[in-house]
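The next block holds one structure in the form of structure tokens; read it before the comments.
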Amino acid sequence: MSTSIEYSENIVPYTHAELMAKVAAQLTDKRYQHCLRVEATARELAEANGVDVELAGIAGLLHDYAKQRDDQTFIDLIKTRGMDPALVLYGNGVWHGYVGAELIKDELKIYNEAILNAVRLHTVGAPYMTKLDQIIFMADFIEPARDFPGVEEARQVTAKSLADGVKFQIQHTLDYLVQKGAPVYPQTLATYNAWVGGITPQYAK
Ligand code: DGI
Ligand code: FE
Ligand code: FE
């Protein structure tokens with residue numbers, strides 16, 4: 001149970017209970033419960049893939065910390081922090097990871113770049129992703145309450161190979177965006193090109 005987790009690595013200046021309360025305060029109960037499931041799934045994937053379990057759990061718990069901020073908060077941060085100006089053209093789906101990491105630094109005083117990067121990349125991925133990045137990306141996609149056609153296959157593929165899970169997800173996401181006629185953030189396409197299209201060698205690693 002996530003409520004019985006005790007931190008021992010001093011990765012963040014909080015107890016697990018304190019960090020849960022900080023996340024809960026920013027989100028509806030529904031989305032907070034999703035974060036707890038992503039935390040638990042991330043810990044399992046970390047255990048299975050030789051990644052620090054405490055680190056993965058923290059990143060999982062925090063991944064949607066900024067999801068419910070208003071658009072103007074994100075737009076202001078994109079402008080004042082010198083982020084990719086093209087980001088303003090997209091929406092919350094792309095912003096809450098990339099720009100959300102800034103709010104985790106500002107408000108929670110968490111500066112661990114492994115955690116921040118996993119949060120930044122959790123929606124759109126990247127051509128190169130650390131194992132932790134891959135774990136948060138996948139935990140968000142396959143946590144137990146996810147229910148979409150293909151999720152069971154995604155779980156099975158990911159259990160066999162984290163990298164194959166990433167490949168599966170980015171292909172699924174790009175397909176979904178194209179079907180909807182939704183705009184595709186260039187990095188989402190770069191992730192697809194790297195992991196599915198074989199344009200960069202990362203997938204072979
Ligand atoms: O935050 P969650 O709902 O738990 O999940 P998420 O962060 O993976 O996804 C947020 C949404 O972002 C999801 O509906 C897919 C969408 N998305 C991913 N890549 C892109 C995108 N939306 C647009 N418009 N463009 C993208 O490149
Ligand atoms: Fe998200
Ligand atoms: Fe999420």
Side-chain angles (χ1 to χ4, degrees), residues 2 19-20 22-24 26-45 56-71 73-75 77-78 83-104 115-127 129 132-151 154-155 158 162 165-197:
S2 54
L19 196 60
M20 284 198 299
K22 288 186 181 292
V23 173
Q26 296 298 329
L27 300 172
T28 61
D29 187 58
K30 189 172 174 219
R31 185 153 296 273
Y32 171 61
Q33 297 299 329
H34 162 70
C35 289
L36 293 180
R37 291 188 298 269
V38 172
E39 173 188 52
T41 305
R43 288 173 65 98
E44 289 169 14
L45 289 174
I58 293 165
L61 179 58
L62 288 174
H63 83 287
D64 277 342
Y65 174 78
K67 179 88 176 183
Q68 291 174 307
R69 302 308 172 90
D70 56 27
D71 290 355
T73 300
F74 291 121
I75 292 165
L77 282 164
I78 292 163
M83 305 181 83
D84 173 13
L87 271 170
V88 296
L89 301 170
Y90 293 83
N92 179 280
V94 173
W95 294 337
H96 77 281
Y98 265 105
V99 194
E102 299 300 304
L103 293 164
I104 292 173
I115 293 172
L116 296 172
N117 267 325
V119 172
R120 288 184 182 111
L121 304 182
H122 87 264
T123 309
V124 305
M129 298 167 77
L132 178 68
D133 297 336
Q134 295 176 44
I135 283 169
I136 303 309
F137 188 70
M138 291 320 303
D140 189 26
F141 194 63
I142 64 170
E143 61 94 337
R146 289 287 194 206
D147 184 18
F148 54 84
V151 70
R155 290 183 181 120
T158 307
L162 190 57
V166 173
K167 182 179 175 181
F168 182 97
Q169 176 178 174
I170 194 64
Q171 185 152 17
H172 181 279
T173 298
L174 192 68
D175 189 49
Y176 163 81
L177 292 171
V178 169
Q179 291 298 327
K180 272 206 316 183
V184 179
Y185 185 57
Q187 184 155 330
T188 305
L189 196 55
T191 306
Y192 168 83
N193 280 336
W195 291 79
V196 183

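Start at 1 and go down the list; that is how both ligands and their atoms are numbered.
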Answer with side chain, backbone, both or neither: which part of [X] has a heavy atom less than 4.0 angstrom from an atom of ligand 1?
| X | result |
| --- | --- |
| R146 | side chain |
| Q187 | neither |
| L189 | neither |
| R31 | side chain |

Where do D84 and Y90 land on the side chain to side chain donor-acceptor pair (under 3.5 Å) test, with the steps shown first?
CA-CA 11 Å; D84 173 13; Y90 293 83; over 6 Å; no
Just jot down the ligand 1 atoms closer than 4.0 angstrom to any heavy atom of [X], in number order.
| X | value |
| --- | --- |
| Y185 | 25 (N), 26 (C), 27 (O) |
| D64 | 1 (O), 2 (P), 4 (O) |
| H122 | 7 (O) |
| H34 | 4 (O) |

Minimum heavy-atom distance between [X] and [Y], given as atom pair plus value:
| X | Y | answer |
| --- | --- | --- |
| V166 | F137 | CG1-CE2, 3.8 Å |
| V184 | L189 | CG1-N, 4.0 Å |
| A59 | V119 | O-CG2, 4.3 Å |
| G150 | F168 | O-CZ, 3.7 Å |
| L103 | A66 | CD1-CB, 3.8 Å |
| T158 | G165 | OG1-CA, 3.5 Å |

Regarding H122 and H96, is there a side-chain donor-to-acceptor distance under 3.5 Å anywhere?
yes
Any N or O on [X] sitting closer than 3.5 Å to an N or O of ligand 1?
| X | result |
| --- | --- |
| Y90 | no |
| T173 | no |
| Y176 | no |
| H96 | yes |
| Q169 | no |

Specify the protein heavy atom at minimum distance from [atom]: its residue, its atom name, and the distance to 0.1 Å.
| atom | answer |
| --- | --- |
| atom 3 (O) of ligand 1 | K67 NZ, 3.3 Å |
| atom 8 (O) of ligand 1 | D140 OD2, 3.1 Å |
| atom 23 (C) of ligand 1 | P183 O, 3.2 Å |
| atom 16 (C) of ligand 1 | T123 CG2, 4.2 Å |
| atom 27 (O) of ligand 1 | T188 OG1, 2.7 Å |
| atom 26 (C) of ligand 1 | L177 CD1, 3.4 Å |

Could you pull out the atom name of the N/O/S atom in D64 that is nearest the Fe ion (ligand 2)?
OD1
For the Fe ion (ligand 2): the N/O/S atom of H122 at shortest distance
NE2
Using 30° and 60° as the class boundaries, would you call the ring planes of F74 and W95 parallel, tilted or perpendicular?
tilted
Below 30° counts as parallel, above 60° as perpendicular, anything between as tilted: where do the rings of H34 and H63 land?
perpendicular
Using the benzene-type ring in the case of Trp, are the ring centres of Y65 and Y32 under 6.0 Å apart?
no
Under-4.0 Å salt bridge between D133 and R120:
no
Taking 2.8 Å as the cut-off, does an N/O/S atom of C35 lie below it from the Fe ion (ligand 3)?
no
In D140, which N, O or S atom comes closest to the Fe ion (ligand 3)?
OD1
Which N, O or S atom name in H63 marks its closest approach to the Fe ion (ligand 3)?
NE2
Does the protein put any heavy atom within less than 4.0 Å of atom 18 (C) of ligand 1?
yes
Go through it in stages, so that I can follow the logic: the residues are Q169 and M138, the test is side chain to side chain contact (heavy atoms under 4.5 Å, CB included), and I'd like the CA-CA distance, side-chain angles, deciding distance and then a yes or no.
CA-CA 8 Å; Q169 176 178 174; M138 291 320 303; 3.4 Å; yes
Side chain R155, main chain E143, donor-acceptor under 3.5 Å:
yes
Scan L77, T123, I78, L121 and name whichever one has a side chain to side chain contact (heavy atoms under 4.5 Å, CB included) with Y98.
L121
